[in-house]
Student: 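If you scroll down you'll find the structure; I have some questions about it.
Every chain is numbered from 1 and lettered A, B, ... according to where its sequence line falls, protein lines coming before strand lines.
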There are 2 protein chains.
Amino acid sequence: MKGLGELERSIMDILWAENAPLTAREVGRMIEDRDLAPTTVMTVLDRLSRKGFLTRTRDGRAWRYQPAASRDAYVAELMLEALEMTGDRDAALTRFAQAVSGSEAEILRKALTELEEE
Amino acid sequence: MKGLGELERSIMDILWAENAPLTAREVGRMIEDRDLAPTTVMTVLDRLSRKGFLTRTRDGRAWRYQPAASRDAYVAELMLEALEMTGDRDAALTRFAQAVSGSEAEILRKALTELEEE
DNA sequence: GGGGTAGTACTACGTCCCGTAGAGAGGTGA
DNA sequence: TCACCTCTCTACGGGACGTAGTACTACCCC
């Protein structure tokens with residue numbers, strides 16, 4: 001999986017936060033702080049859909065974009081990808097488990113327990 | 001943390017696999033399949049130490065390079081970094097737990113249990 | 001002691017990604 | 001018809017990375 005640039009991530013964040021598919025214009029309106037040209041937003045949306053992060057459907061002349069996967073799925077995939085990198089997955093996992101904070105360890109524990117029960 | 005390119009990662013892999021600090025020449029000899037110029041290896045080693053992935057110490061005229069952190073630590077850090085990206089860490093962690101394979105879930109479970117006991 | 005060898009530092013070039021945006025085409029509503 | 005919206009296409013500058021040459025220095029062997 002390819003990574004995301006900074007602007008790309010900002011835009012993904014907007015789309016992940018929104019439940020409905022947005023047009024380029026709508027997205028642009030939500031990044032006002034950066035004062036981008038409309039075409040900039042369109043270009044980035046286009047690249048993101050080329051890269052498979054977004055899907056788009058027609059709405060009149062405009063496209064409406066929405067995430068192809070949830071942010072959680074993306075994050076989990078990044079984590080798995082990092083894990084792929086090591087020769088010793090167990091060691092890395094152990095280290096990871098030690099690094100997460102207490103409350104998160106709790107979440108993990110719970111998720112794993114539920115898995116076990118299925 | 002900055003990411004690693006492909007050659008950079010190959011070289012880190014060599015150094016992670018080795019226990020002793022290596023010189024550029026030694027590293028170069030271990031990537032024979034790519035037939036790189038010696039200076040190429042040196043440049044990459046230099047960049048890696050600039051980026052903080054390697055530390056180096058003098059050995060006569062030459063430098064000896066060794067990883068600043070273990071591969072496991074690096075991988076765990078990458079995973080945490082991915083986790084930082086989400087607004088809902090719990091959801092991402094849950095998804096991650098569901099995505100790891102059975103034996104790895106077991107490792108995680110064990111690591112978490114040991115944590116708890118301390 | 002002179003030439004090959006090894007090692008260093010510095011510089012450079014091509015490519016790809018990404019942020020950024022303009023130009024031009026074609027529809028749309030006043 | 002004219003202003004406007006949206007799209008697609010093209011482009012440029014910067015930074016990271018793969019790759020390597022050059023110039024200089026120190027050491028070893030004959």
Side-chain angles (χ1 to χ4, degrees), chain A residues 1-16 20-68 74 78 81-82 85, chain B residues 1-16 20-68 74 78 81-82 85:
Chain A
M1 183 177 36
K2 295 274 358 139
L4 293 176
E6 194 186 340
L7 176 55
E8 290 176 333
R9 191 133 79 203
S10 305
I11 287 183
M12 285 306 295
D13 275 338
I14 288 174
L15 287 163
W16 270 321
L22 298 183
T23 64
R25 174 147 299 256
E26 286 163 350
V27 172
R29 240 180 265 122
M30 303 180 79
I31 327 185
E32 272 182 20
D33 45 321
R34 299 186 65 156
D35 192 31
L36 296 171
T39 49
T40 299
V41 178
M42 284 196 257
T43 301
V44 174
L45 286 170
D46 194 46
R47 285 183 188 159
L48 284 170
S49 59
R50 258 182 239 284
K51 290 198 233 174
F53 286 100
L54 298 176
T55 60
R56 61 185 199 177
T57 51
R58 278 287 179 193
D59 178 11
R61 264 164 306 144
W63 291 105
R64 290 200 164 270
Y65 294 86
Q66 68 184 326
Y74 172 61
L78 276 186
E81 204 171 278
M85 241 189 57
Chain B
M1 184 177 34
K2 295 273 357 137
L4 294 176
E6 194 186 340
L7 176 56
E8 288 176 334
R9 191 135 78 203
S10 305
I11 287 182
M12 285 306 295
D13 275 338
I14 287 175
L15 287 163
W16 271 321
L22 299 183
T23 64
R25 173 148 299 256
E26 287 163 348
V27 172
R29 239 181 265 122
M30 303 180 78
I31 327 186
E32 273 182 17
D33 46 320
R34 299 186 64 156
D35 192 31
L36 295 172
T39 48
T40 300
V41 178
M42 283 197 255
T43 301
V44 174
L45 286 169
D46 195 45
R47 285 183 188 161
L48 284 170
S49 60
R50 257 182 238 284
K51 290 197 235 176
F53 286 99
L54 299 175
T55 60
R56 62 184 199 177
T57 50
R58 278 286 179 194
D59 177 11
R61 263 165 307 144
W63 292 103
R64 291 200 164 269
Y65 294 86
Q66 68 183 326
Y74 172 60
L78 276 187
E81 205 171 278
M85 240 190 57

Student: Check whether any side-chain N or O of A:Arg29 sits under 3.5 Å from a backbone N or O of A:Glu32 as a donor-acceptor pair, and report yes or no.
Tutor: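 Side chain of A:Arg29 to backbone of A:Glu32: no pair is present.
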Student: By the 4.0 Å heavy-atom rule, please label B:Gly60 as base, sugar-phosphate, or nothing.
Tutor: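 No contact at all - B:Gly60 keeps every heavy atom at 4.0 Å or more from the nucleic acid.
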Student: Do B:Arg25 and C:dT8 share a donor-acceptor pair, side chain to base, under 3.5 Å?
Tutor: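 Not at all, since no donor on one side and acceptor on the other fall under 3.5 Å apart.
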Student: Give B:Arg56 one of three labels, base, sugar-phosphate or nothing, depending on what nucleic acid heavy atoms sit under 4.0 Å from its own.
Tutor: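 Sugar-phosphate, no base atom in range.
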Student: Measuring from the side chain of A:Leu36 (C-beta onward, heavy atoms only), which nucleotide among D:dC7, C:dT20, D:dG18 has the closest atom?
Tutor: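 From the listed options, C:dT20 comes nearest.
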Student: Give the rounded distance in Å between these two atoms: CE of B:Met12 and P of D:dC17.
Tutor: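 Distance, rounded to whole Å: 13 Å.
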Student: For DNA chain C, whose closest nucleotide is more 5', that of A:Thr43 or that of B:Arg50?
Tutor: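 Its nearest nucleotide lies further toward 5', so the answer is B:Arg50.
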Student: Using whole Å, what does the distance between atom C1' of nucleotide C:dT8 and atom CG of B:Leu45 come to?
Tutor: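 Value for this atom pair: 13 Å.
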Student: Tell whether B:Arg47 reaches the base of D:dT19 with its side chain through a donor-acceptor pair below 3.5 angstrom.
Tutor: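 Answer yes: a donor N or O sits under 3.5 Å from an acceptor.
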Student: Can you measure B:Asp59 atom CG to C:dG7 atom C1' for me and round it to whole angstrom units?
Tutor: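 That distance rounds to 11 Å.
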Student: Could you walk me through whether B:Asp13 and B:Arg9 pass the salt bridge (charged side-chain N to carboxylate O under 4.0 Å, His left out) check?
Tutor: CA-CA 6 Å; B:Asp13 275 338; B:Arg9 191 135 78 203; 5.6 Å; no
Student: Is it the case that the base of C:dG19 and the side chain of A:Arg34 share a donor-acceptor contact (distance under 3.5 Å, atom types as modelled)?
Tutor: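 No.
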Student: Under 4.0 Å: is that the gap between some side-chain N or O of B:Thr39 and OP1 or OP2 of D:dG21?
Tutor: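 No, because none of the side-chain N or O atoms of B:Thr39 sits under 4.0 Å from OP1 or OP2 of D:dG21.
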Student: Reckon A:Lys51 has a side-chain N or O less than 4.0 Å from the OP1 or OP2 of C:dC17?
Tutor: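 Result: no.
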Student: Taking atom C1' of C:dA21 as reference, at what distance in whole Å does atom CG of A:Asp35 sit?
Tutor: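 In whole Å, C:dA21 C1' and A:Asp35 CG are 12 Å from each other.
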Student: Please confirm whether any donor atom in the side chain of A:Arg61 sits under 3.5 Å from an acceptor in the base of D:dC7, or the reverse.
Tutor: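 A donor-acceptor contact between them is absent.
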Student: So for atom CG, which belongs to B:Asp35, do other residues, nucleotides or ligands contribute more than 12 heavy atoms lying within a distance under 6.0 Å?
Tutor: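 Not more than 12 within 6.0 Å, no.
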Student: Please report the distance, rounded to the nearest Å, between CG in B:Asp46 and P in C:dT11.
Tutor: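 Taking atom P of C:dT11 as the reference, CG of B:Asp46 is at 13 Å.
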Student: Heavy-atom count around B:Arg34 CZ within 6.0 Å, excluding the residue itself: above 12?
Tutor: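 Yes - once you tally the heavy atoms of other residues, nucleotides and ligands closer than 6.0 Å, there are more than 12.
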Student: Give the nucleotide from the list C:dC18, C:dG7, D:dC7 with an atom nearest to the side chain of A:Trp63.
Tutor: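 Shortest atom-to-atom distance from the side chain points to D:dC7.
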Student: Determine the minimum heavy-atom distance between B:Met12 and B:Phe53, stating which atoms define it.
Tutor: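 Scanning both residues, the minimum pair turns out to be CE-O, 3.7 Å.
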Student: OP1 or OP2 of C:dG19 sitting under 4.0 Å from any side-chain N/O of A:Thr40?
Tutor: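 So the side-chain polar atoms of A:Thr40 never come under 4.0 Å of the phosphate oxygens OP1 or OP2 of C:dG19.
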Student: Consider the side chain of B:Ala37, meaning its heavy atoms from C-beta on, and name the nucleotide among D:dC7, D:dT8, D:dG21 that approaches it most closely.
Tutor: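 Taking heavy atoms from C-beta onward, the closest nucleotide is D:dG21.
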